[in-house]
Amino acid sequence: MNRAIKIRIFPNREQQGFLDAQFGAVRFIYNRALHIKSHYYKKKGINLSPTKELKALISVAKKHAKYEWLKQFDSISLQESTRNLKKAFDNFFSPEMESRYPQFKRKQGKQSSYHCMNIDCDSESIKIPKLKSRIKAKVHRPIEGVLKSITLSKASTGKYYASLLFDVEKVLPEKPKHITQVKGFDLGLSDYLIDSDGVKIPNPLFLLRAERNLRKKQKSLSRKVKGSRNREKAKLLVAKAYEKLTNARNDFQHKLSKRIVDENQALIFEKLKSSNMMKNGKLAKHIGDAAWFSFVQKVRYKADWAGKHFVQISQWLPSSKTCSCCGHKLESLPLAVRHWICPECLTLHDRDRNAGMNIRLAGIIDLKAEGFTVSA
Ligand SMILES: [Zn+2]
């Protein structure tokens, strides 16, 4: 099983120079490969494969005095660059992704490089190929398992990070056969999370504030003249606000997911319909902000690790407009309606809680179908 952690690293000035040059080499390979590929296709109609013909060009280039400098850098990171180019083309050709044609990488954007040989890490430093000294790091979690790869990155704020991937040999705890604590969860807009007991977790204020701050900084950026120094400054502020929001959100999601996994034996969620909802402009912002997908992912792996059931029911269940008491289904229920009365059994429903209860019921059916007993 793989486990990834992302940590902040603190290269000294000399190491920063090396890392920036390393990112530059990776970017150089990517951009050259993209250029050659586009050129061959346009001029000759030849479709070169990034991971075959173009990758092979790296070692050819290194033999020329002009490109000899590439030898100073981890060759795996350079090869990985062509794999990333292939991914960018795969996304471009995939009808679902709606990606644009691969673009040249810019020095100003996010930088990264991948390493999987001659690497090491301990609780306070990491080691990467071709750099003799170790880079200071802040590892906030105990290290378990065998280190498989390090992906270095530099955010547009100038901070350096490393994503460490570990192969962890761990036998997952067995999940209970008989379940007594089971809850359904609905992800909301006005509240972050609503469970089938009606408990609502509001969007935390610090997240709302961080979002507001990001919007403010983005607005200010849009007013700056292109190419001006002020625009560069405003860009950095946007990047910082974005980084702050992402970190705060991640932290919040980790804590909340841990808490609900601790409290339950089975957790039921709906599959997310984000690809459909994304097309609705107004909702897209909220969904992006709440980052539900990454939250559910955290719940899922934490549940696996703790020996808890994680169930995702069909996204087509009309969980909001079905009465969780008698099963009566409304024709429609506009998003603005927060409370409603079932015309069949006259139960007064809180929209979100009712949805949570339906999600829970559907999940229990799935669990029973798999042979588990549920008494809750
Ligand atoms: Zn009813």
Side-chain angles (χ1 to χ4, degrees), residues 175-204 256-257 259-280 282-287 289-293 295-297 299-300 303 308-376:
K175 298 177 181 180
K177 293 264 180 294
H178 180 70
I179 301 157
T180 53
Q181 291 158 294
V182 50
K183 255 182 226 163
F185 295 91
D186 193 23
L187 297 156
L189 292 180
S190 45
D191 288 298
Y192 199 87
L193 188 71
I194 303 101
D195 74 18
S196 44
D197 290 345
V199 176
K200 296 181 177 186
I201 308 288
N203 274 301
L256 181 60
S257 55
R259 194 174 103 198
I260 61 173
V261 167
D262 283 349
E263 286 171 357
N264 294 285
Q265 292 175 312
L267 302 100
I268 326 285
F269 282 81
E270 256 181 320
K271 279 208 184 88
L272 301 175
K273 304 170 233 198
S274 63
S275 59
N276 291 326
M277 293 173 100
M278 283 298 182
K279 289 190 177 121
N280 179 333
K282 211 173 162 194
L283 269 182
K285 200 202 88 48
H286 285 288
I287 291 167
D289 282 356
W292 291 339
F293 182 77
F295 176 70
V296 174
Q297 250 184 342
V299 176
R300 178 201 288 268
K308 308 291 179 83
H309 295 276
F310 173 88
V311 182
Q312 258 185 320
I313 59 160
S314 158
Q315 65 211 79
W316 306 117
L317 176 88
S319 58
S320 294
K321 54 187 184 183
T322 305
C323 171
S324 56
C325 263
C326 71
H328 178 78
K329 197 179 127 196
L330 299 177
E331 283 294 314
S332 71
L333 184 66
L335 206 58
V337 180
R338 307 314 302 173
H339 295 91
W340 56 283
I341 292 173
C342 171
E344 276 299 310
C345 70
L346 302 179
T347 307
L348 171 67
H349 288 300
D350 172 289
R351 179 200 182 93
D352 296 322
R353 185 185 178 194
N354 178 59
M357 286 167 81
N358 281 322
I359 291 168
R360 180 177 181 271
L361 290 171
I364 290 177
I365 292 172
D366 282 4
L367 284 167
K368 285 182 173 165
E370 283 179 54
F372 299 104
T373 55
V374 182
S375 66

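Position 1 is the first residue of the sequence, and the numbers go up from there. In each ligand, atom 1 is the first atom listed, and ligand 1 is the first ligand listed.
In this structure the side chain of Val296 reaches within 4.5 angstrom of the side chain of Leu187, judged on heavy atoms. Using a 4.5 Å heavy-atom threshold, the side chains of Leu193 and Phe269 count as touching. Residues His309 and Ile179 meet the side-chain proximity criterion, which asks for heavy atoms closer than 4.5 Å.
Side-chain atoms of Ser324 and Asn358 form no donor-acceptor pair, as typed in the model, at a separation below 3.5 Å.
Protein N/O/S atoms closer to the Zn ion (ligand 1) than 2.8 Å number 4 in this structure.
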Contacts table for residues 335-347: side-chain donor-acceptor under 3.5 angstrom, sequence neighbours left out:
unit_1, atom_1, unit_2, atom_2, d
Arg338, NH1, Leu335, O, 3.0
Arg338, NH2, Asp352, OD1, 3.2
Arg338, NH2, Asp352, OD2, 2.9

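Residues Asn354 and Ser320 come closest through the heavy atom pair ND2-O, 3.3 Å.
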